Protein chains: 2
Amino acid sequence: MRVLLVEDDAELRRRLSERLAGVGLAVDCAANAADARDWPDVDQMAAVILDLGLPDGDGLDLLRDWRRRGILVPILILTARGNWRDKVEGLNAGADDFIVKPVRFEELQARLHALWRRGAGRSATVLTAGRVAVDPAAQTATLDGALLDLSRKEFALLHLFVRRPGHIIAQDEILEQLYALDEERDRNAVEALVSRLRRKIGREAIRTLRGLGYRLEVTP
Amino acid sequence: MRVLLVEDDAELRRRLSERLAGVGLAVDCAANAADARDWPDVDQMAAVILDLGLPDGDGLDLLRDWRRRGILVPILILTARGNWRDKVEGLNAGADDFIVKPVRFEELQARLHALWRRGAGRSATVLTAGRVAVDPAAQTATLDGALLDLSRKEFALLHLFVRRPGHIIAQDEILEQLYALDEERDRNAVEALVSRLRRKIGREAIRTLRGLGYRLEVTP
DNA sequence: GACAGATTGTCAGGCTGATGTCAGCTTGGT
DNA sequence: ACCAAGCTGACATCAGCCTGACAATCTGTC
């Protein structure tokens with residue numbers, strides 16, 4: 001689960017990225033529109049959080065540019081309080097949702113989850129697969145209804161699996177989704193993480209497909 | 001527990017906000033309808049106290065505007081004595097209760113508590129979770145039935161926990177709920193507060209989830 | 001208004017759990 | 001049998017958290 005945060009205010013950028021990371025997301029940051037414009041793999045992101053009040057080149061231009069290039073990534077815009085015009089133009093330019101500054105993190109998180117639910121065409125807040133259920137909003141997961149005691153990274157990994165139960169997920173994909181660009185990590189980190197998660201949800205729950213990746217088993 | 005106070009009279013605003021803060025509420029203040037209209041997260045407030053006698057743009061308009069936008073926050077209006085018309089129109093426009101100036105603080109407090117009891121759809125005045133019980137109206141809390149000796153901030157924190165027992169509450173959320181916007185506080189203040197509360201209700205009652213927040217345990 | 005006591009933020013230092021890394025082992029495929 | 005890929009126990013590191021001590025502030029009382 002990676003998001004790109006485009007925000008010029010260093011302090012806000014720091015705070016938001018820390019909290020987003022805190023709920024298990026991998027966060028890439030861009031400090032201005034120019035940097036963001038040619039960001040690699042924007043369309044691979046789970047979402048983009050875009051501040052419209054950027055100094056250089058309007059955030060709106062960036063937004064329009066992306067959409068013109070066919071980039072369909074969910075975009076959530078930030079606007080200053082009372083900037084109704086920005087909001088309306090932003091939504092017209094192809095933003096998916098907006099949020100008013102000052103940002104309450106819980107609201108941001110809720111709107112991100114709403115975007116993903118919408119995007120994934122799911123209506124349920126709680127994702128389930130086999131014996132496992134994940135509640136992204138409450139940051140909890142259960143096995144056969146019993147609360148699991150997972151660390152942040154373990155939760156993020158399980159969340160990733162549950163979003164595509166039964167699908168093969170490559171190690172490299174896990175690396176990309178769980179770590180930001182500036183964190184260089186070994187594949188072995190993923191193996192260790194999988195190992196720890198297996199210890200908690202059962203060895204058989206996650207099947208290894210040599211050379212391909214992992215798969216969350218849906219049939220107990 | 002945050003409230004928004006919309007009041008143009010600086011003296012009354014000061015006095016009320018101080019007393020509200022005095023009973024452990026975080027108070028945000030707006031001096032006129034324009035400021036209040038686009039207040040961020042009005043709907044996250046526990047209540048709004050709205051003076052109908054505002055100079056710019058009528059308070060009634062503000063009220064109607066909010067309700068039209070689907071903002072369901074409990075609103076308590078202040079009116080000058082004898083302004084029956086205001087009262088009636090206010091309640092018709094979607095206010096939840098009114099109070100006549102000059103304001104007796106005890107009455108204000110009582111009406112706020114009544115609003116919350118109603119709003120929460122709870123019939124009980126007392127909220128309980130595990131061995132802990134909190135009575136917001138009486139500003140008291142008990143552990144296994146024995147009265148706890150809590151300071152205001154400790155009480156406010158416990159109240160916050162008890163309203164969502166078993167849920168994870170982030171440090172930042174505690175910061176937002178216990179302190180008004182203009183009070184910059186360190187996360188360590190929260191840690192210290194949690195530490196003090198734990199000393200009184202038991203170390204195990206509040207579980208730490210590293211990187212996520214705290215959780216009030218419901219099972220002893 | 002001055003004092004005592006309580007409250008609460010701040011600081012510093014210590015503790016702990018989460019997580020990456022390593023090394024040696026196991027497994028599966030050819 | 002061999003080798004590459006994956007697994008996992010052990011360990012190190014460090015961010016996040018705890019808490020005692022202190023200081024500043026608030027509260028109530030005389």
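So that the names make sense, note that chain A is the first sequence line, chain B the second, and so on, each numbered from 1. Note that the structure is a prediction, hence the values are computed from the model and not measured.
Candidate nucleotides D:dT8, C:dG9, D:dT19 were compared by shortest atom distance to the side chain of A:S195, and D:dT8 ranks first.
B:D144 pairs by the salt bridge (Lys or Arg N to Asp or Glu O under 4.0 Å) definition with B:R131, not counting sequence neighbours. The side chain to side chain contact (heavy atoms under 4.5 Å, CB included) search around A:A133 returns A:V126, A:T128, A:T142, not counting sequence neighbours. Contacts of B:D51 classified as side chain to side chain donor-acceptor pair (under 3.5 Å), with partners at least two apart in sequence or in another chain: B:K101. Residues satisfying the side chain to side chain donor-acceptor pair (under 3.5 Å) criterion with A:R187, sequence neighbours excluded, are A:Q171, A:D172. Every salt bridge (Lys or Arg N to Asp or Glu O under 4.0 Å) that A:R215 has, sequence neighbours left out, goes to A:E217. Residues forming a salt bridge (Lys or Arg N to Asp or Glu O under 4.0 Å) with A:E191 (at least two apart in sequence, or on another chain): none. Residues passing the salt bridge (Lys or Arg N to Asp or Glu O under 4.0 Å) test with A:R196: none are found, sequence neighbours excluded. Here B:A46 pairs with B:M1, B:W116 under the side chain to side chain contact (heavy atoms under 4.5 Å, CB included) rule; sequence neighbours left out.
Within the structure, salt bridge (Lys or Arg N to Asp or Glu O under 4.0 Å) pairs that include any residue of residues 4-13 of chain A comprise A:E11-A:R14 (at least two apart or interchain).
Contacts of B:Y214 with the nucleic acid, taken as non-hydrogen atoms under 4.0 Å apart, involve only primed sugar atoms and P, OP1 or OP2. Heavy atoms of B:E18 sit nowhere under 4.0 angstrom from any nucleic acid atom.
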For nucleotides 25-30 of chain D, list the nitrogen or oxygen atoms of the protein found under 3.5 Å from its nitrogen or oxygen atoms, one pair per line.
none

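Whole-Å rounding puts the B:E154 CD to C:dT7 P distance at 7 Å.
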Per-nucleotide protein contact string for nucleotides 21-30 of chain C (B base, S sugar-phosphate only, - none; heavy atom under 4.0 Å): BBB---BB--
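For the pair B:L209 and A:G211, nearest-nucleotide mapping onto DNA chain D gives the more 5' position to A:G211.
Bending across the helix from C:dG1-D:dC30 to C:dT30-D:dA1, expressed as the angle between its end axes from five pairs apiece, amounts to 40° (10° rounding).
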